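First comes the structure, then the notes that go with it.
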Amino acid sequence: MEKKRLSLRTYLAFWLVLMVLLTGAGLIITINTISSILLNNVVPSVHVIDIVPSPTNGQSTVKDNNIGVTEGKVVLEKPGQGLTYNQAVQKALKYLRIISLVSLAVILLLGSLGAYWLSKKALHPVESLSRTVKRIHANNLTERIPTDGPEDEIKELACSFNIMLSQLEQHISLQRRFISDAAHELRTPLSVMQINVESLQDNPETTREEYRDGLGVINRQLERLKQLIDDLLAMSGSGTIELREKINLKVMNAEIMAALEPVAEQYQVTLHQEPVSDVYCTGKEALLSRAFSNIIENAVRYNRVGGEVAIAFDEHQNDILITIKDTGIGMAQEELAHIFEAFYRIERSRSRHYGGAGLGLAITALILEGHGGTITAESTPGEGSSFTITLPRPKPPVESRVLRERSKR
Ligand SMILES: Nc1ncnc2c1ncn2[C@@H]1O[C@H](COP(=O)(O)OP(=O)(O)OP(=O)(O)O)[C@@H](O)[C@H]1O
Ligand SMILES: [Mg+2]
């Protein structure tokens with residue numbers, strides 16, 4: 001069963017009232033106790049021995065034989081009823097208690113009203129914040145919470161909220177663009193297939209040869225669709241995979257180069273790996289292999305006839321550096337800033353070379369980020385590009401670390 005919680009206002013008012021009650025009660029108990037001690041112990045008591053009523057003015061004369069002389073005047077409450085000093089003290093203390101309790105009740109009542117008003121006033125900015133937040137939804141992320149109030153915690157909360165909204169707005173707009181780009185990419189092969197199917201269907205004199213050609217086109221478009229869907233899946237799921245395999249990057253790269261050899265031959269580009277001893281990292285081999293392939297394939301496809309692609313490894317204390325350098329068409333600085341965005345293609349290179357979806361580098365960046373690595377690019381138009389990958393070096397197991405520490409001594 002869900003636990004019922006008090007509203008913040010009730011909670012605040014409750015604690016304020018409790019504080020008023022405790023303070024008031026404490027004060028009253030203290031006053032009463034002190035008064036009682038003072039009157040009973042400190043002020044000397046008077047023993048009234050004789051009360052001699054005066055018949056004329058209702059005043060009586062008091063004679064205290066204990067302390068000798070003392071004469072005073074007492075006013076009798078009712079004729080014939082005298083009060084000893086102690087009785088008068090007890091009566092005064094009783095009145096004090098009654099007045100204290102009545103005062104406490106009044107303080108409590110006023111305190112409760114005050115506490116309720118105060119908590120309402122204190123929570124007013126939170127309520128207006130909550131009203132604004134309720135107005136904001138996915139289609140209305142441009143709205144912001146006003147931050148023109150005093151410099152207090154509420155303003156800080158509103159500012160943090162506005163920052164979160166800006167990030168959310170940016171994120172959602174990126175997502176929308178991604179979906180529309182993806183839909184556009186999926187639509188193109190479908191349209192090509194539709195045109196082919198319709199032309200084959202509409203023409204009753206279609207020859208066997210034309211059918212074969214048409215099916216060939218459809219098959220290529222299906223391949224393209226499959227690749228695109230694989231890429232989209234890779235973009236949506238790379239963060240959730242276990243990254244514990246021990247990978248020999250040198251061996252992995254040799255396999256990638258062998259697989260890309262036919263493409264390199266087609267583009268008349270030479271692939272070259274600089275000599276290196278075994279280089280290890282931890283991660284998911286299938287993903288890292290895909291990331292490396294994307295970059296090397298780009299380096300081949302966006303190269304010139306007779307060009308080269310050189311791959312080099314360098315081990316630093318904490319990182320492994322992998323450089324993939326090509327002698328291709330290169331990119332301008334303003335283009336470099338966007339190449340890791342999904343669906344970004346440079347039309348110039350695309351028209352001359354190859355019609356990819358523009359997802360390769362975005363997927364690569366995601367995979368490397370998931371492995372705790374980075375990727376950067378430098379390029380000169382007409383001269384070539386250089387992509388640098390960093391991956392963290394695997395940490396040695398604790399036991400071997402201890403052994404190494406000992407052997408240093
Ligand atoms: N080595 C390179 N030299 C020149 N331009 C490059 C290079 N690598 C990438 N580019 C440019 O960056 C763009 C984005 O590359 P990316 O790999 O993301 O997409 P793509 O190759 O067009 O398609 P795919 O999704 O099939 O990889 C490419 O279209 C290309 O214009
Ligand atoms: Mg590519």
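Being a predicted model, the structure only gives us computed values, none of them experimental.
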Legend entry - Over 12 non-hydrogen atoms of neighbours within 6.0 angstrom of CD in Glu156: no

Inset, instruction - Answer with yes or no whether the side chains of Asn162 and Thr147 bring together a donor and an acceptor at under 3.5 Å. - result: no

Legend entry - side-chain contact (heavy atoms from CB on, under 4.5 Å) assessment of Leu359 paired with Phe343: CA-CA 5 Å; Leu359 283 173; Phe343 298 109; 3.9 Å; yes

Legend entry - Under-4.0 Å salt bridge between Glu341 and Arg177: yes

Inset, instruction - Please examine the side chains of Ser100 and Asn32, heavy atoms only from C-beta on, and report whether any two atoms are closer than 4.5 Å. - result: yes

Inset, instruction - State, yes or no, whether a side-chain contact exists between Ile322 and Ile311 at a heavy-atom distance under 4.5 Å. - result: yes

Inset, instruction - Output, in order, the C-alpha distance, side-chain angles, deciding distance and verdict of side-chain contact (heavy atoms from CB on, under 4.5 Å) for Glu369 and Ile375. - result: CA-CA 8 Å; Glu369 192 187 319; Ile375 177 164; over 6 Å; no

Legend entry - Approximate separation, where rounding is to 0.5 Å, of Leu336 CG and Thr376 OG1: 10.0 Å

Inset, instruction - Count the heavy atoms of every other residue, nucleotide or ligand shown that sit under 6.0 Å from CD of Glu261, and state whether that count exceeds 12. - result: yes

Legend entry - Student check: side-chain heavy atoms of Leu288 and Cys281 closer than 4.5 Å: yes

Legend entry - Note, Thr207 side chain near Tyr211 side chain (heavy atom, < 4.5 Å): no

Legend entry - N/O donor-acceptor pair under 3.5 Å between Asn196 side chain and Val192 backbone: yes

Legend entry - Candidates Val269, Val309, Asn298, Ile296 - the one meeting side chain to side chain contact (heavy atoms under 4.5 Å, CB included) with Asp326: Val309

Inset, instruction - Just do the side-chain contact (heavy atoms from CB on, under 4.5 Å) check on Leu232 and Phe178 with the steps written out, would you? - result: CA-CA 10 Å; Leu232 289 173; Phe178 182 87; 3.6 Å; yes

Legend entry - Spacing of CG belonging to Leu168 relative to CD belonging to Gln175, to within rounding of 0.5 Å: 9.5 Å

Inset, instruction - Tell me yes or no: between the side chains of Asn294 and Thr364, is some donor less than 3.5 Å from an acceptor? - result: yes

Legend entry - Distance (rounded to the nearest 0.5 Å) between Glu335 CD and Ile346 CD1: 4.0 Å

Inset, instruction - Without swapping roles, check the side chain of Asn303 against the backbone of Ile329 for a donor-acceptor pair under 3.5 Å. - result: no

Inset, instruction - Could you walk me through whether Phe161 and Leu129 pass the side-chain contact (heavy atoms from CB on, under 4.5 Å) test, one step at a time? - result: CA-CA 10 Å; Phe161 214 85; Leu129 190 81; 5.6 Å; no

Legend entry - Neighbour count >12 (heavy atoms, 6.0 Å) for atom OH, Tyr116: no

Inset, instruction - Spell out, as yes or no, whether a donor-acceptor pair under 3.5 Å connects the side chain of Arg224 to the backbone of Pro189. - result: no

Inset, instruction - Kindly check if the number of other-residue, nucleotide or ligand heavy atoms within 6.0 Å of NE2 (His171) is above 12? - result: no

Inset, instruction - Inspect the surroundings of CD in Gln170 and state if more than 12 heavy atoms from other residues, nucleotides or ligands are less than 6.0 Å away. - result: no

Inset, instruction - Side-chain contact test, heavy atoms from C-beta onward, threshold under 4.5 Å: evaluate it for Gln273 versus Lys250 and give yes or no. - result: yes

Legend entry - Heavy-atom check, side chain of Glu274 versus side chain of Phe313, under 4.5 Å: no

Legend entry - Any donor-acceptor pair under 3.5 Å from Ser385 side chain to Ser379 backbone: no

Inset, instruction - Might you confirm whether atom NE2 of His184 has over 12 heavy atoms from other residues, nucleotides or ligands at distances under 6.0 Å? - result: no

Inset, instruction - Give a yes or no on whether the backbone of Met164 and the side-chain of Gln167 come within a donor-acceptor separation of less than 3.5 Å. - result: no

Inset, instruction - May I ask you to decide if Glu383's main-chain N or O and Thr380's side chain share a donor-acceptor pair within less than 3.5 Å? - result: no

Legend entry - Whether Phe340 and Phe387 hold their rings parallel, tilted or perpendicular, with breakpoints at 30° and 60°: perpendicular

Legend entry - Lys226/Glu223 salt bridge by N-O under 4.0 Å criterion: no

Legend entry - Side chain proximity check, Leu391 to Leu368, heavy atoms < 4.5 angstrom: yes

Legend entry - Carboxylate-amine/guanidinium proximity below 4.0 Å for Asp231 and Arg290: yes

Legend entry - Min side-chain heavy-atom separation Ser386-Thr323 under 4.5 Å: yes

Inset, instruction - Please confirm whether the backbone N or O of Gly373 pairs with a side-chain atom of Thr390, one donor and one acceptor, at under 3.5 Å? - result: no

Inset, instruction - Give a yes or no answer on whether the side chain of His371 reaches the backbone of Lys284 with a donor-acceptor pair at less than 3.5 Å. - result: yes

Legend entry - Glu378/Lys325 salt bridge by N-O under 4.0 Å criterion: no

Legend entry - Backbone N/O of Ile29 and side chain of Thr33: donor-acceptor pair under 3.5 Å: yes

